[in-house]
Amino acid sequence: MKSTKLMLAVIATLLITWIVMGTIGWCVSDLSFRDCLTHGGTLMLLMIIGWIPAIIVGNDVNDHLNSY
């Protein structure tokens with residue numbers, strides 16, 4: 001059960017980070033929201049820096065689950 005919670009937290013954080021990056025791109029460009037989410041620049045930023053919040057959240061969730 002611990003691994004499932006950890007996996008769900010990491011995936012949710014990655015998805016939220018992707019949507020936030022897409023929303024920022026949508027606000028500063030003339031593209032549609034869908035085009036911003038699938039744009040190569042957004043996906044490249046997600047690959048470069050998008051995993052960092054997911055690792056931090058995953059580590060915190062792991063520490064929290066180990067404390068019980």
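The basis for the numbers below is simple: all heavy atoms, side chains too, and nothing from hydrogens, waters or symmetry mates. What you are looking at is a predicted structure, and each value in this text was computed from that prediction instead of being measured.
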Q | Rounded distance [0.5 Å steps], CG in L14 versus CG in L46 | A | 6.5 Å
**Q.** Result of checking V28, I24, T23, L31 against C36 for side chain to side chain contact (heavy atoms under 4.5 Å, CB included)
**A.** L31
Q) When you look at W26 and L37, which way does the side-chain contact (heavy atoms from CB on, under 4.5 Å) test go after all the steps? A) CA-CA 8 Å; W26 176 60; L37 286 177; over 6 Å; no
Q: Write down the atom of T38, the atom of L43, and the distance for their closest heavy-atom approach.
A: O-CD1, 3.8 Å
Q) Can you tell me how far CD1 of I11 sits from CD1 of I16, rounded to the nearest 0.5 angstrom? A) 12.0 Å
Q) What distance separates D60 CG from L65 CG, expressed to the nearest 0.5 Å? A) 11.0 Å
(Q) Within this structure, what is the CG-CG distance for the pair D35 and D30, rounded to the nearest 0.5 Å? (A) 11.5 Å
Q: Indicate yes or no: at least one non-hydrogen side-chain atom of W51 is less than 4.5 angstrom from one of T17.
A: no
**Q.** Over all atoms of both residues, closest heavy-atom pair of I49 and M21
**A.** CG1-CE, 3.8 Å
Q) Got a sec: does the CE of M44 have more than 12 other heavy atoms crowding it under 6.0 Å? A) no
Q) Going hydrophobic residue to hydrophobic residue with side-chain gaps under 4.5 angstrom, can you get from I52 over to V57? A) no
(Q) Please tell me whether L15 and V61 are part of a single hydrophobic cluster in this structure, the criterion being side-chain heavy atoms less than 4.5 Å apart. (A) no
Q: Of all the heavy-atom pairs spanning T13 and A9, show the shortest one and how long it is.
A: OG1-O, 2.7 Å
Q. Between the side chain of N66 and the main-chain N/O of N62, is any donor-acceptor distance below 3.5 Å?
A. yes
